[in-house]
Amino acid sequence: MTMKLYMRMLLTTIFLFIVSFSQAQTITASAISGDNAACFGTASASPNIQQFTASGTALTANIVATAPANFEVSVTPGSGYANSLTLTQAGGNVASTIIYVRTGASAPAGSLSGNVVLTSTGAPAVNVLASGTVNPTPTVNVVANQIVCNNTSTNAVTFTGTPAGTVYNWINNTPTIGLAATGSGNIASFIAT
């Protein structure tokens, strides 16, 4: 065997060896699904949360999923939420894992969005856009009391408050006065009993 041929075979072997051991470190994430929705002062809860899957190949470190401001992440839909979580790699791989995303209890009212960032040392970071809506706490303006005689009409009751578009459901604990036990929206004038 000539020295030139031997060197060519040696270089080919070294190249194949390097290629086989230099597979790129990769983090993969699916598209996010679901909708985050909560009332001000409470975290969103299932089924009003989002989710996506994450996995990794040829990694030298674990995957860390870091939630954006006002969001939290977990691998369990009903508990374990935190600002970040770790997906442990075994043999360089992270099995496909569902990551749940919710709005946090301290999130402000309004529409929110931000990226859940998936990182692993040596791998390109992956961003997954999370979004949600935190509804403000509704307020109801006080309704004036009415005193009317038997068989006379009451004044209609118009409910007001914030935010605009709030639906008012009411309960009457004394239906014998001539008003239904429950209702939704404003109360029309009725004949008092």
Q: In the single-linkage hydrophobic clustering (I, L, V, M, F, W, Y; side-chain heavy atoms under 4.5 Å), do Ile32 and Val94 co-cluster?
A: yes
Q: Between Pro68 and Val116, is any pair of side-chain heavy atoms under 4.5 Å apart?
A: yes
Q: How far does OG1 of Thr154 sit from CD1 of Ile147, to the nearest 0.5 angstrom?
A: 13.5 Å
Q: Quick check: closest heavy atoms across Ser111 and Thr133, and the distance to 0.1 Å?
A: OG-OG1, 4.3 Å
Q: Would you say CG of Asn127 has more than 12 non-hydrogen atoms from neighbouring residues, nucleotides or ligands within 6.0 angstrom?
A: yes
Q: Counting neighbours of CZ on Phe190 that are heavy atoms of other residues, nucleotides or ligands and sit closer than 6.0 Å, is the number greater than 12?
A: yes
Q: Might you point out which heavy atoms bring Asn36 and Val101 nearest each other, and give the distance in Å?
A: OD1-O, 3.1 Å
Q: Given Thr103 and Phe71, is the side chain to side chain contact (heavy atoms under 4.5 Å, CB included) satisfied, shown in steps?
A: CA-CA 4 Å; Thr103 56; Phe71 289 87; 3.8 Å; yes
Q: Is there side-chain contact between Ser184 and Asn169, with heavy atoms separated by less than 4.5 Å?
A: yes
Q: Group every Ile, Leu, Val, Met, Phe, Trp and Tyr by side-chain heavy-atom contacts under 4.5 Å, then state whether Phe52 and Ile98 land in the same group.
A: no
Q: Rounded to the nearest 0.5 Å, how far does OG of Ser44 lie from OH of Tyr100?
A: 13.5 Å
Q: Counting only N and O atoms by type, is there a donor-acceptor contact under 3.5 Å from the side chain of Ser120 to the main-chain atoms of Asn62?
A: yes
Q: Checking Gln50 against Ser131 for the side chain to side chain contact (heavy atoms under 4.5 Å, CB included) test, could you report, in this order, the C-alpha distance in whole Å, the side-chain angles of both residues, the deciding distance, and whether it holds?
A: CA-CA 8 Å; Gln50 293 183 298; Ser131 61; 3.6 Å; yes
Q: Does a sphere of radius 6.0 Å around CG in Asn172 hold more than 12 heavy atoms from other residues, nucleotides or ligands, not counting ones at 6.0 Å or beyond?
A: yes
Q: Rounded to the nearest 0.5 Å, what separates atom CG in Asn150 from atom CD1 in Ile177?
A: 11.5 Å
Q: Does the Tyr168 side chain pair with the main chain of Gly161, one donor and one acceptor, at a distance under 3.5 Å?
A: yes
Q: Are Trp170 and Val140 joined in one hydrophobic group, where the rule is that I, L, V, M, F, W and Y side chains link up if heavy atoms are under 4.5 Å apart?
A: yes
Q: Please name the pair of heavy atoms, one in Pro124 and one in Ile27, separated by the smallest distance, quoted to 0.1 Å.
A: O-CD1, 3.9 Å
Q: Nearest 0.5 Å, what's the CG-OG1 distance between Leu59 and Thr88?
A: 11.5 Å
Q: Taking atom CD1 of Ile63 and atom OG of Ser55, what is their separation to the nearest 0.5 Å?
A: 6.5 Å
Q: Determine, using the 4.5 Å side-chain heavy-atom cutoff (strictly less than), whether Leu118 and Val75 are members of one ILVMFWY cluster.
A: yes
Q: Taking Asn135 for its side chain and Cys39 for its backbone only, find out whether a donor-acceptor pair lies under 3.5 Å.
A: no
Q: Check Ser79 against Ser74 and note the closest heavy-atom contact, atom names and distance.
A: O-OG, 2.6 Å
Q: Show your reasoning for whether side chain to side chain contact (heavy atoms under 4.5 Å, CB included) applies to Asn151 and Ile191.
A: CA-CA 6 Å; Asn151 291 321; Ile191 302 297; 4.2 Å; yes
Q: Go through it in stages, so that I can follow the logic: the residues are Leu87 and Ile99, the test is side chain to side chain contact (heavy atoms under 4.5 Å, CB included), and I'd like the CA-CA distance, side-chain angles, deciding distance and then a yes or no.
A: CA-CA 10 Å; Leu87 302 178; Ile99 297 177; 4.0 Å; yes
Q: Considering non-hydrogen atoms only, spot the tightest contact between Val148 and Ala192 and give its length.
A: CG2-CB, 3.4 Å
Q: Okay, side chain of Thr26, backbone of Ala24: is any donor-acceptor separation there less than 3.5 Å?
A: yes
Q: Is the closest side-chain heavy-atom distance between Pro108 and Val134 below 4.5 Å?
A: no
Q: Provide the closest heavy-atom pair for Val157 versus Val143 in the form atom of the first, atom of the second, distance.
A: CG1-CG1, 3.5 Å
Q: So, taking the atom named CD1 in Ile49 and the one named CD in Glu72, what distance separates them when rounded to the nearest 0.5 Å?
A: 11.5 Å
